Amino acid sequence: MAPTPKLISDKDEMRNWSRSMRAQGKLIGLVPTMGFLHAGHLSLVAEARNRSDVVAVSIYVNPGQFAPTEDLSTYPSDFDGDVRKLAAVPGGVDVVFHPRNLYDYGGGVAAAERGGKGVSCIEESGSGHESWVRVERLEVGLCGRSRPVFFRGVATVVTKLFNIVEPDVAVFGKKDYQQWRIIQRMVRDLDFSIKVIGAEITRDNDGLAMSSRNVHLSPEEREKALSINKSLLRAKSAAEDGQVHCEKLRDWVIQCITDAGGRIDYAEIVDQNNLEKVELIKGPVVFCVAAWFGKVRLIDNMEINLSMDV
């Protein structure tokens, strides 16, 4: 087992560590997480290890991406277990950055005094934070429709982490496909000198995409949730066999998930780069799904890359 990672909670200490590594000519990899790590997270760490000399993993449950009505207070946590898992990754992890509060400024105005529009748990707390990063077009659809504060919170906290850790490489999972594309676009548009890597989805043996929220599924709900991956695989196979009309593929997946007892948030086939809705598959697309099983909202997706004859 590799040595236990160095634990850092102070922003200045984290920044100084990164700068000392860069002064030694080392490439720095970053894996941002919210903790409660599973094999999917550890695969991102392995990817970062392959692409950099030293690896930092951030563990921070970001209140800026949660609305007050969402599950911030029940988000699962096991910090000591996370550190043990990271120490067991081949090659190890050099630093775990575990800040206490990245929005602790004091003297803010609470959401109730601001009218509450577009409110996250940050405004609700009255911390004083009022600067947000928006990727205006990519954040609108898919998860952005039902979670209007989510992606500005993600883009903002990732920007803060990039400014604190100053990585050369950052690894994100493709399970959160829209998030990955938004961070890529943000890095491009704001001229961050960071290479953003999208790592493939890690699945349990039964095909369910790994997620920290899976722990909240009952055994019966978990069995029903397998309908997401099963229906996406069938849709991909149908597309490869010539069914390129997205409405038919979409209806098929919705019916399969609904019949299993799921409640659809969205099921959309979109362009892999601009995330715009596609009616007919003519190039690389991704089929993105969000569905509720009980009180748990799950997301998944399947890339479809057809060989289009010219």
Side-chain angles (χ1 to χ4, degrees), residues 2 4-9 11 14 17-18 28-52 54-66 70-72 74-103 121 143 150-151 153-180 182-184 186-187 194-204 209-216 298-299:
T4 300
K6 179 180 179 68
L7 305 182
I8 297 178
S9 60
K11 291 185 284 188
M14 182 69 247
W17 180 89
S18 292
I28 301 164
L30 171 65
V31 180
T33 82
M34 296 208 302
F36 208 69
L37 305 182
H38 51 66
H41 294 111
L42 301 183
S43 72
L44 306 185
V45 175
E47 184 70 25
R49 174 58 68 189
N50 289 336
R51 294 174 178 268
S52 54
V54 292
V55 174
V57 174
S58 63
I59 297 178
Y60 182 66
V61 180
N62 173 36
Q65 67 196 58
F66 290 84
E70 293 180 325
D71 59 350
L72 174 62
T74 61
Y75 197 86
S77 175
D78 179 16
F79 181 71
D80 291 340
D82 289 343
V83 173
R84 288 193 296 271
K85 291 174 184 177
L86 293 172
V89 173
V93 167
D94 298 276
V95 164
V96 173
F97 180 48
H98 185 47
R100 294 180 183 86
N101 187 349
L102 289 177
Y103 303 89
C121 291
C143 286
F150 180 69
F151 286 117
V154 168
T156 299
V157 80
V158 171
T159 297
K160 290 167 78 69
L161 290 169
F162 284 175
N163 284 332
I164 295 166
V165 181
E166 299 180 348
D168 300 288
V169 176
V171 182
F172 294 81
K174 284 188 180 182
K175 183 179 77 70
D176 301 284
Y177 203 92
Q178 186 176 14
Q179 171 180 278
W180 167 53
I182 282 172
I183 298 304
Q184 280 190 321
M186 180 189 79
V187 163
I194 299 169
K195 186 171 185 178
V196 176
I197 305 298
E200 298 302 324
I201 297 173
T202 303
R203 300 183 182 276
D204 280 320
M210 289 190 175
S211 169
S212 298
R213 289 187 170 93
N214 290 353
V215 69
H216 295 307
L298 301 176
I299 62 172

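By convention here, the first residue in the shown sequence is residue 1. A quick note: this is a predicted structure, and the numbers were derived from the prediction, not measured.
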As an exercise, state the distance from [atom1] of [X] to [atom2] of [Y], rounded to the nearest 0.5 Å.
X      : Y      : atom1 : atom2 : value
Ile8   : Ser58  : CD1   : OG    : 12.0 Å
Ile197 : Leu30  : CD1   : CG    : 12.5 Å
Trp180 : Lys174 : CH2   : NZ    : 4.0 Å
Phe151 : Gln178 : CZ    : CD    : 3.5 Å
Phe97  : Leu161 : CZ    : CG    : 6.5 Å

(message) For a quick check under 3.5 Å, do Asn50 and Glu47 share a side-chain donor-acceptor pair by atom type?
(response)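 No, no side-chain donor-acceptor contact under 3.5 Å.
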(message) Working note: Val169 + Val171, criterion side chain to side chain contact (heavy atoms under 4.5 Å, CB included); need CA distance, chi angles, decisive distance, verdict.
(response) CA-CA 7 Å; Val169 176; Val171 182; 4.3 Å; yes
(message) I'd like to know whether Leu102 forms a side chain to side chain contact (heavy atoms under 4.5 Å, CB included) with Ile164, so could you lay out the CA-CA distance, the side-chain angles of the two residues, the decisive distance to 0.1 Å, and finally the verdict.
(response) CA-CA 10 Å; Leu102 289 177; Ile164 295 166; 3.9 Å; yes
(request) Please determine if Asp78 and Lys85 form a salt bridge, counting it only when a charged side-chain N lies under 4.0 Å from a carboxylate O. (result)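 Salt bridge between Asp78 and Lys85, a charged N being under 4.0 Å from a carboxylate O: no.
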(request) Would you mind telling me which of Leu44, Val61, Ile59 makes a side chain to side chain contact (heavy atoms under 4.5 Å, CB included) with Thr33? (result)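 Of the listed options, the one satisfying the test is Ile59.
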(message) For His216, give me all partners under ring pair (Phe, Tyr, Trp, His ring centres under 6.0 Å), at least two apart in sequence or on another chain.
(response)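 His216 satisfies ring pair (Phe, Tyr, Trp, His ring centres under 6.0 Å) with no other residue.
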(message) Suppose we screen for ring pair (Phe, Tyr, Trp, His ring centres under 6.0 Å). Which residues come up paired with Phe162, at least two apart in sequence or across chains?
(response)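 Phe162 satisfies ring pair (Phe, Tyr, Trp, His ring centres under 6.0 Å) with Phe192 once adjacent residues are dropped.
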Least distance between heavy atoms, [X] atom then [Y] atom:
X      : Y      : result
Leu86  : Pro5   : CB-CG, 4.4 Å
Ala155 : Ile183 : CA-CD1, 4.3 Å
Met210 : Lys175 : O-CE, 3.1 Å
Asn62  : Met34  : N-SD, 3.5 Å
Asp82  : Phe36  : OD2-N, 2.9 Å
Val196 : Val187 : CG2-CG2, 3.6 Å

(request) Indicate, with yes or no, if the rings of Phe79 and His98 have centres closer together than 6.0 Å. (result)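 That pair passes the under 6.0 Å test.
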(message) I'd like to know if the side chain of Asp168 reaches the main chain of Ile28, judged simply by a donor and an acceptor atom lying under 3.5 Å from each other, with no hydrogens or angles considered.
(response)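 A pair under 3.5 Å: yes.
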(message) Does the structure place the NZ or CZ of Lys160 under 6.0 Å from the centre of the six-membered ring of Tyr103, at an angle of no more than 45° from the ring's axis?
(response)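 Positive - Lys160 is close enough to the ring of Tyr103 and near enough to its axis.
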(message) Would you call the rings of His38 and His41 parallel, tilted or perpendicular, taking 30° and 60° as the class edges?
(response)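 The arrangement is tilted - the two ring planes meet at 30° to 60°.
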(request) Determine, step by step, whether Ile201 and Tyr177 satisfy the side chain to side chain contact (heavy atoms under 4.5 Å, CB included) criterion, reporting the C-alpha distance in whole Å, the side-chain angles of both residues, the deciding distance to 0.1 Å, and the verdict. (result) CA-CA 10 Å; Ile201 297 173; Tyr177 203 92; over 6 Å; no
(message) Checking Leu298 against Asn214 for the side chain to side chain contact (heavy atoms under 4.5 Å, CB included) test, could you report, in this order, the C-alpha distance in whole Å, the side-chain angles of both residues, the deciding distance, and whether it holds?
(response) CA-CA 8 Å; Leu298 301 176; Asn214 290 353; 3.4 Å; yes
